[in-house]
Number of protein chains: 2
Amino acid sequence: MNSFGSYLRRQREALRLKDRAYSVRQVAKRVGIEPAYLSKIERDEVPPPSEEAIGRIAEVLGEDRDALLALGGKVSSDLLELIRRHPVAFAELIRGLRDAPTDALLRVVREVRDGDW
Amino acid sequence: MNSFGSYLRRQREALRLKDRAYSVRQVAKRVGIEPAYLSKIERDEVPPPSEEAIGRIAEVLGEDRDALLALGGKVSSDLLELIRRHPVAFAELIRGLRDAPTDALLRVVREVRDGDW
DNA sequence: GTTCATGTGTCATACCTACTACACATTTGC
DNA sequence: GCAAATGTGTAGTAGGTATGACACATGAAC
């Protein structure tokens, strides 16, 4: 339904309606992977590619990198590194937000964004 | 200096002073891995083991699971899953705390812990 | 109506990851 | 002083990750 591949295919096809430069082959070239590989990715014949490849796909298709990574079952390595610097604190923070409704989560995000220390 | 392996070795040896059941062999048995493998792990001859193995090592040695995983370059998969449910929000939250001093981070953690929604 | 682009099938590969199994020399306990 | 426990060297493996290369049939464009 909303697998990584089928989502990609839908988005690419949508872009293609406006601009036929969004073929499998041309997108693959811009991304820097083989067309056959992208084709397989879009049909979920292979697992989502590496973080780097997903990042470049996000760029080429104008998608949010973190969101696309999540759809591919991954989390950006820069976030992982930040978490690893304060593993216990971040673990409690994230688990503490497990059952928080989305708006409560966003409130915390906003608060941190505007926070002055 | 503080690689995963050397840290493990230090902690295990410390426990061993009080209780000689903390030999490489006996710990490995309780953890459920081969002694030779644990030996190599402690000498950093191989990369840190799987998340599951690190979790069991943490249990056996009385270490914090998230902290030990971090030392092993990993992040608990339950946290990853939570992040993947709200990738954009969590990305902004975590990156927003990148330069926050530890006490500011802990303040947010506490706030979330005590938060009622 | 041929040329060019397109999507995809098949095959192959290199490099990790995550270990197990066994043997051996040294040390320790009684 | 001998048996048992200990730490470690060597070798091997099963499965996953992340692709590349090439060929082929179909379709569209001019």
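Both the sub-6.0 Å distance and the 45° axial angle are not jointly satisfied by B:R95 relative to the ring of B:F90.
Listed pair B:Q26 / D:dA5 fails the phosphate criterion, with no side-chain N or O lying under 4.0 Å from OP1 or OP2. Side-chain N/O atoms of B:R9 include one lying less than 4.0 angstrom from OP1 or OP2 on D:dT8. B:S39 has a side-chain polar atom (N or O) that falls below the 4.0 Å cut-off from OP1 or OP2 of D:dT8.
One interatomic measurement links the two molecules: NZ of A:K29 to C1' of C:dC4, which rounds to 14 Å at whole-angstrom precision. Here the P atom of nucleotide D:dA5 and the CZ atom of B:R16 are 13 Å apart, to the nearest Å. To the nearest angstrom, P of C:dC24 lies 14 Å from CZ of B:R25. Note: CG (B:D19) to P (D:dA5) measures 16 Å, nearest angstrom. Between A:I41 atom CD1 and D:dA18 atom P there is a gap of 10 Å when expressed in whole angstrom units. Rounded to an integer number of Å, the gap from A:R20 CZ to C:dC4 C1' is 13 Å. Nucleotide D:dT6 holds its C1' atom 18 Å from the OH atom of B:Y22, rounded to whole Å. The distance between atom CD of A:E45 and atom P of D:dG16, rounded to the nearest whole Å, is 17 Å.
In this model, no donor atom of one side chain and acceptor atom of the other lie less than 3.5 Å apart for A:Q11 and A:Y22. Under the 3.5 Å distance criterion, with hydrogens and angles disregarded, no donor-acceptor pair is assigned to the side chains of A:S23 and A:R16.
Here C:dT8 is the nucleotide among C:dT8, C:dT6, C:dC24 with the atom lying nearest to any side-chain atom of A:R43.
The side-chain heavy atoms of A:S6 and A:D44, taken from C-beta on, include a pair separated by under 4.5 Å. Side-chain contact check for A:L8 versus A:I41: some heavy-atom pair is nearer than 4.5 Å.
Across all their heavy atoms, A:L97 and A:L105 have their closest contact at CD1-CD1, 3.8 Å.
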| note | Letter by letter from the 5' end, nucleotides 12-21 of chain C scores (B base, S sugar-phosphate only, - none; protein heavy atoms under 4.0 Å) ------SBBB
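Taking CD of B:E42 as the reference point, atom OG of B:S3 lies at 10.5 Å (rounded to 0.5 Å).
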